[in-house]
Amino acid sequence: MSRKIWVFDTTLRDGEQVPGAKLNLYEKLEVAHQLKKLQVDIIEAGFPASSAGDFNAVKEIAMKVGNTDNIMITALARAVKADIDAVYNSVKYAEKPLIHMVLGTSDIHVEKKFGKSKNQILDIGVEAVKYAKTLLPEVQYSTEDASRSDFEYLWSTIEAVVKAGATMINVPDTVGFAVPEEFGELIFKLNDRLKNLNDKVLLSVHCHNDLGMATANTLAAIKNGADKVECTINGIGERAGNAALEEVVMALNTRSPFFNANTNIKTKEIMNTSKLVSSLMGLDVQVNKAITGDNAFAHSSGIHQDGLLKSRDAYEIISPTEVGLDDMELVLTARSGRHAVKNALGKLAFNQLTDEQFEEIFADFLVLADAKKEVYNHDLYIIVEKYFKRHDMNEEIQHHSDNFYELLDLQVISNTIFPSASVKIKKGDQIFKSSAEASGPIDALYSSIKEIIDIDINLLEYKISSVSRGKEALGKVKLQVEYKGEKYVAKATDTDVIKASALAYINAVNSIIVDNLLPEINKEPVAQSL
């Protein structure tokens with residue numbers, strides 16, 4: 001029978017220790033509500049002894065998110081009475097509160113950090129657990145820097161605090177020092193002794209990513225008996241971060257026969273949670289990061305696209321829909337092969353092209369792809385229509401490209417009084433001009449474009465990043481918009497980030513036009529007589 005693995009999320013405590021990622025009360029509540037929707041078992045809501053603000057945030061989460069027995073709320077304390085009191089007084093409002101305390105067990109921590117003997121530290125831990133048990137029935141004890149601790153001393157500490165009443169034992173790889181084989185062996189030995197001592201105590205792990213092995217170490221621990229894992233969304237956290245919740249969960253799901261373990265996580269909420277945390281904390285997710293990176297389910301290589309179009313399992317081990325995405329993304333770039341381009345053209349009803357016609361169109365595609373980096377569906381219309389025009393075959397095709405918008409020029413003025421923008425945009429044979437003032441330069445730019453396009457679009461996400469270095473560095477803009485409940489992602493790159501912003505927005509608009517405003521596109525194949 002598959003084992004249940006408890007998921008302890010520490011995004012709001014360890015994750016918030018990332019410099020600059022501090023959340024206010026309302027943002028913490030929003031993340032906590034989303035973690036509840038994700039169905040984590042335990043939320044570590046903060047470190048209440050650190051500040052009045054953190055205390056109040058933990059208290060609010062306990063009251064408003066922990067008001068059900070489906071989730072446990074905890075917070076971190078050092079093994080001192082004042083910290084434990086702060087945790088108790090903030091989490092006690094939850095239906096299922098937990099006190100979590102931490103104390104080092106490695107020689108480095110005991111001797112250099114605390115300047116005490118091992119027996120003194122052990123006694124401090126035992127007394128702290130005994131005190132916490134007078135307040136709440138559920139107490140977790142974390143043996144900080146366990147992976148660098150003397151095993152017998154580590155076990156003596158665990159044995160003593162379990163006898164004192166600890167209901168969960170957490171074994172951290174605090175500085176990401178462990179390797180999977182070594183950490184798995186450690187957990188196996190501890191689990192064997194712990195289950196003989198008290199089989200009701202949960203054995204937990206908390207792995208950091210300093211050597212890039214946090215997820216691997218966490219999975220090795222599960223394989224060797226760990227009952228609970230501590231993770232963060234997107235793997236954020238102190239220094240190089242923590243084990244990423246989404247990676248651990250999807251590894252268990254995808255390799256279920258191997259791990260013989262499962263979680264309660266509602267995987268379709270993974271992307272929503274990732275985006276919320278990234279947005280509120282201002283921490284971009286690495287584009288090629290597993291599961292939640294922008295490119296995790298995007299394919300641009302011609303070899304991969306060809307394989308995927310023949311059989312999804314050729315290059316896809318997880319369906320994007322499992323984590324809350326719509327579907328895989330075949331990105332058309334200069335590296336895309338003929339199969340992917342032909343497939344995209346077919347979806348736009350250009351499915352009766354001869355081999356000779358397709359080869360010439362594909363050559364035009366490669367020229368545009370080299371210049372534009374990424375080619376959209378509306379670009380394909382323009383490529384095909386130019387081909388027909390070049391060969392005096394206009395009667396064979398409807399001029400859908402007349403419905404698309406093209407940026408001709410723009411001017412943006414940024415100041416503290418009246419940020420404004422003016423744009424010149426072409427649609428078919430028509431040229432439009434518009435100007436707008438707004439709260440900022442990008443807002444003004446998009447307001448001026450919206451006056452021309454007259455489509456009710458809601459901007460959901462806007463990101464700028466640099467993709468090269470030096471004076472001529474390219475700025476990449478990625479945005480997400482919503483139209484009639486559907487979401488569209490578009491990108492653009494330029495040395496001028498303002499221009500890139502405008503181009504990305506117009507790319508999104510043209511994508512909407514392809515999907516919504518040209519209903520006749522998919523009714524009949526184009527150029528049937530060819």
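The first residue in the sequence is number 1, and the count goes up from there. Values below: all heavy atoms of this structure, side chains included; hydrogens, waters and symmetry mates excluded.
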| said: Using a 3.5 Å distance criterion without hydrogens, assess whether the side chain of N56 forms a donor-acceptor pair with backbone atoms of E60. | reply: no

| ring-ring contact (aromatic ring centres under 6.0 Å, His included) contacts in which one or both residues fall within residues 193-243, not counting sequence neighbours | H206-H208

| request: Count the heavy atoms belonging to other residues, nucleotides or ligands that lie under 6.0 Å from NZ of K133, then report whether that count exceeds 12. | output: yes

| field | Over all atoms of both residues, closest heavy-atom pair of E44 and T10 | value | OE1-OG1, 2.7 Å

| If you look at every heavy atom in V171 and T143, which pair is closest and at what distance? | CA-OG1, 3.9 Å

| remark: Taken in chain and number order and not counting sequence neighbours, the residues that satisfy side-chain contact (heavy atoms from CB on, under 4.5 Å) with K118 are D107, V110, D150, Y153

| ring-ring contact (aromatic ring centres under 6.0 Å, His included) with Y505: which residues, sequence neighbours excluded? | Y446

| Results of side-chain contact (heavy atoms from CB on, under 4.5 Å) for F258 - residues two or more places apart only | K223, R255

| Are the side chain of T267 and the backbone of E322 linked by a donor-acceptor contact shorter than 3.5 Å? | yes

| request: Determine the sole option in T218, T215, T11, L38 for which the side-chain contact (heavy atoms from CB on, under 4.5 Å) test with L245 is passed. | output: L38

| query | Can K22 and D54 be counted as an ion pair, charged N to O under 4.0 angstrom? | reply | yes

| task | Look only at the side chain of D9 and the backbone of I42, and say whether a donor-acceptor pair between them is shorter than 3.5 Å. | result | no

| message | Would you compute the distance between atom CG of L25 and atom NZ of K59 and round it to the nearest 0.5 angstrom? | response | 11.5 Å

| field | Check: I270 main-chain N/O paired with S274 side-chain donor or acceptor under 3.5 Å | value | no

| message | Closer than 3.5 angstrom, by distance alone: can the side chain of D192 be matched with the main-chain N or O of F188 as a donor-acceptor pair? | response | no

| task | Taking salt bridge (Lys or Arg N to Asp or Glu O under 4.0 Å) as the test, write out the residues that go with K289, two or more places apart. | result | E246, E247

| request: Look at the side chain of S278 and the backbone N and O of L283, then say whether any donor-acceptor pair between them is shorter than 3.5 Å. | output: yes

| Quick one: is the NZ or CZ of K478 closer than 6.0 Å to the six-membered ring centre of Y462, and within 45° of its axis? | no

| task | Check side-chain hydrogen bond (donor to acceptor under 3.5 Å, both in side chains) between E185 and all other residues, then give those that pass, not counting sequence neighbours. | result | none

| message | If we ignore hydrogens and angles and just use 3.5 Å, is the side chain of D83 paired with the main-chain N or O of R78 as donor and acceptor? | response | yes

| Closest approach of L186 to A146 (non-hydrogen atoms, all atoms of both residues) | CD2-O, 4.4 Å

| query | Taking only residues two or more places apart in sequence, or in another chain, which ones meet K96 in a side-chain hydrogen bond (donor to acceptor under 3.5 Å, both in side chains)? | reply | none

| field | R3 (side chain) donor-acceptor with A226 (main chain) under 3.5 angstrom | value | yes

| task | For the pair N262 and I5, evaluate side chain to side chain contact (heavy atoms under 4.5 Å, CB included) and give the outcome as yes or no after the intermediate values. | result | CA-CA 6 Å; N262 65 87; I5 302 299; over 6 Å; no

| request: Would you kindly say whether Q120 and S117 are connected by a side-chain donor-acceptor distance under 3.5 Å? | output: yes

| task | May I ask you to decide if Y131's main-chain N or O and T134's side chain share a donor-acceptor pair within less than 3.5 Å? | result | yes

| message | Whether the Q286 and D284 side chains hold a donor-acceptor pair (N or O, under 3.5 Å, no angle test) is what I'd like checked. | response | no

| E30/K28 salt bridge by N-O under 4.0 Å criterion | no

| Salt-bridged, D227 to K195, with N to O below 4.0 Å? | yes

| message | According to side-chain hydrogen bond (donor to acceptor under 3.5 Å, both in side chains), who are the partners of S51, at least two apart in sequence or on a separate chain? | response | none

| query | Between S149 and F151, is there a donor-acceptor pair closer than 3.5 Å when you use the side chain of the first and the backbone of the second? | reply | no

| said: So that I can tick it off, tell me whether K484 and D515 are bridged by a salt bridge, with the cut-off set at under 4.0 angstrom between side-chain N and carboxylate O. | reply: no

| request: Sort and list the pairs that fulfil salt bridge (charged side-chain N to carboxylate O under 4.0 Å, His left out) and have at least one residue in residues 135-145, not counting sequence neighbours. | output: K113-E144, D145-R148

| said: Holding to ring-ring contact (aromatic ring centres under 6.0 Å, His included), I want the full list of residues that pass it with F8, two or more places apart in sequence or in another chain. | reply: H100

| field | Any pair counted as salt bridge (charged side-chain N to carboxylate O under 4.0 Å, His left out), so long as it reaches residues 260-279, sequence neighbours left out | value | none

| For N196, what residues pass the side-chain hydrogen bond (donor to acceptor under 3.5 Å, both in side chains) criterion, not counting sequence neighbours? | none

